[in-house]
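Since the structure comes first, as structure tokens, the remarks are kept for the end.
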Amino acid sequence: MPNLSANRAGFITGTSQTSYLDALSATSGTATDSATGNQSSCIQYFKSSGRGGGTFRFIRTFIHFDTSGISGGSDFLLKVVSVAGDSSDNLHKVTAVKHSAGSSNGSAIVDNDFDNVDKNTNYSTATAFGSSGTITFTLNSTAATQINNNNDFNVALLLSLDVAGEEEDPLESDGDVTNGINFGAITLSYTAAATGYTHDVLGVPAANISKANTVATANIGKIITVD
């Protein structure tokens, strides 16, 4: 399966708010564009209900792939390497969603991109996020259509509780739900579209034919003038 590395990735720490619901609806934050290496706090919900209103905030990760070279691919998998998480806690689950940060074309992410996420367009299901190892997001047909038909694939990683946006605060007491990733190891893997001659020959399936008269099937467009 081919592997495509992320073209650009970073994260935005949302502005601190005085309640969980206000943190969900924050419209800006502090952007870390073109992040590198291990970032231990890049997908997070933080809560501190101290005096004076407290501190509530989210952190969201934004990724861009240049998919201009992909057409007809399938079985798309987004893979990241975790440096912080907890696979035993459902609160740490992460969902891949559509975003329009960086002008949707791989430009720099900026502070006001924090809420440029489309929580109604999920590219994966809620996925367990362990503290180490490779986390694999199985991308759905909506993502596949976007990848195969556009030059840009913009995918954000949010805590699933952030995507759900329930009215009740998921944390009963002060604390945080924090995941981290290695920004140097973000890839999109997929099955490439078949190339070359793709029809049966004398009843033999094309998948079982590598050559016809010593010519590799990838170099054959027609056999005896037949497509």
Side-chain angles (χ1 to χ4, degrees), residues 1-15 26-45 57-73 75-85 94-124 127 129 133-140 142-160 162-163 178-192:
M1 298 178 72
N3 287 289
L4 180 66
S5 295
N7 176 62
R8 193 174 201 135
F11 58 94
I12 303 176
T13 303
T15 52
T27 59
S28 65
T30 301
T32 300
D33 180 52
S34 299
T36 59
N38 293 343
Q39 300 289 340
S40 59
S41 301
C42 59
I43 309 169
Q44 184 191 69
Y45 170 53
R57 67 168 180 263
F58 283 92
I59 304 178
R60 298 165 177 168
T61 285
F62 298 81
I63 304 167
H64 172 268
F65 290 94
D66 178 352
T67 53
S68 58
I70 301 177
S71 177
D75 303 321
F76 291 98
L77 302 174
L78 172 65
K79 297 182 179 181
V80 301
V81 174
S82 173
V83 297
V94 171
T95 301
V97 304
K98 181 179 181 179
H99 79 73
S100 56
S103 300
S104 296
N105 62 9
S107 297
I109 62 169
V110 297
D111 296 351
N112 291 336
D113 277 327
F114 181 74
D115 66 336
N116 285 337
V117 292
D118 184 354
K119 295 182 179 180
N120 293 316
T121 304
N122 292 0
Y123 286 149
S124 78
T127 301
F129 209 99
T134 299
I135 311 299
T136 300
F137 297 87
T138 300
L139 301 182
N140 58 27
T142 301
T145 298
Q146 175 66 34
I147 294 167
N148 281 318
N149 295 289
N150 295 276
N151 293 335
D152 304 283
F153 179 56
N154 299 287
V155 56
L157 298 181
L158 277 60
L159 289 174
S160 298
D162 185 0
V163 177
T178 300
N179 293 336
I181 64 175
N182 177 354
F183 275 82
I186 304 174
T187 60
L188 181 67
S189 68
Y190 60 99
T191 299

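- When all heavy atoms of N105 and S107 are compared, the closest pair comes out as OD1-OG, 2.7 Å.
- Side chains of F76 and N148 form a contact here, defined as non-hydrogen atoms less than 4.5 Å apart.
- Counted by atom type alone, S68 and N151 present zero donor-acceptor pairs between their side chains at under 3.5 Å.
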side-chain contact (heavy atoms from CB on, under 4.5 Å) between F183 and T36, intermediate numbers included: CA-CA 5 Å; F183 275 82; T36 59; 5.5 Å; no
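- Within the model, atoms OG of S71 and CD1 of I147 stand 12.0 Å from one another, a figure rounded to the nearest 0.5 Å.
- When all heavy atoms of N140 and S124 are compared, the closest pair comes out as ND2-N, 3.9 Å.
- Side-chain N/O atoms of T95 and S160 include a donor and acceptor closer than 3.5 Å.
- Side-chain atoms of N38 never come within 3.5 Å of backbone atoms of V83 as a donor-acceptor pair (strictly under, hydrogens ignored).
- Side-chain contact check for H99 and N116: no donor-acceptor pair (N or O, by modelled atom type) lies under 3.5 Å.
- Residues Q44 and T178 share a closest heavy-atom pair of NE2-OG1, 2.9 Å.
- Side-chain contact between C42 and I181: present, with at least one pair of heavy atoms (C-beta onward) separated by less than 4.5 Å.
- Taking the six-membered ring for Trp and thresholds of 30 and 60 degrees, F137 and F129 have ring planes inclined between 30 and 60 degrees apart.
- Ion pairing of D66 with R8 is absent here, as no side-chain N (NZ or NE/NH1/NH2) approaches a carboxylate O to less than 4.0 Å.
- Residues D113 and I12 are in side-chain contact: their nearest non-hydrogen atoms beyond the backbone lie under 4.5 Å apart.
- Taking 4.5 Å as the limit, every side-chain heavy atom of V97 sits out of range of all side-chain heavy atoms of D118.
- Residues Y123 and F153 form a side-chain contact, since some pair of their non-hydrogen atoms from C-beta on lies under 4.5 Å apart.
- Within the 4.5 Å cutoff, no side-chain heavy atoms of N154 are placed close to those of I63.
- Minimum interatomic distance between F114 and A26 (heavy atoms only, all atoms of both residues): CD2-O, 3.4 Å.
- To the nearest 0.5 Å, atoms CG (L139) and CG (N122) are separated by 11.5 Å.
- Take D115 and apply the salt bridge (charged side-chain N to carboxylate O under 4.0 Å, His left out) test, not counting sequence neighbours, and it matches no residue.
- Of the possible polar contacts, none joining the Q39 side chain to the G10 backbone as a donor-acceptor pair under 3.5 Å is found.
- The CD1 atom of I70 lies 11.5 Å from the CG atom of N150; values are rounded to the nearest 0.5 Å.
- By the 4.5 Å heavy-atom criterion applied to side chains, V155 and K98 are not counted as neighbours.
- Across all their heavy atoms, T121 and T142 have their closest contact at CG2-CG2, 4.0 Å.
- Taken to the nearest 0.5 Å, the CG atom of L4 stands 6.0 Å off from the CZ atom of F65.
- Of the inter-residue distances, the one linking L77 atom CG with S189 atom OG reads 4.0 Å to the nearest 0.5 angstrom.
- Residues F58 and T13 have side chains not in contact (no heavy-atom distance under 4.5 Å, counting atoms from C-beta outward).
- Closest heavy-atom contact between D33 and A108: OD2-CB, 3.4 Å.
- The distance from atom CG of L157 to atom CG of D162, rounded to the nearest 0.5 Å, is 11.5 Å.
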side-chain contact (heavy atoms from CB on, under 4.5 Å) between I59 and F11, worked out: CA-CA 7 Å; I59 304 178; F11 58 94; 3.9 Å; yes
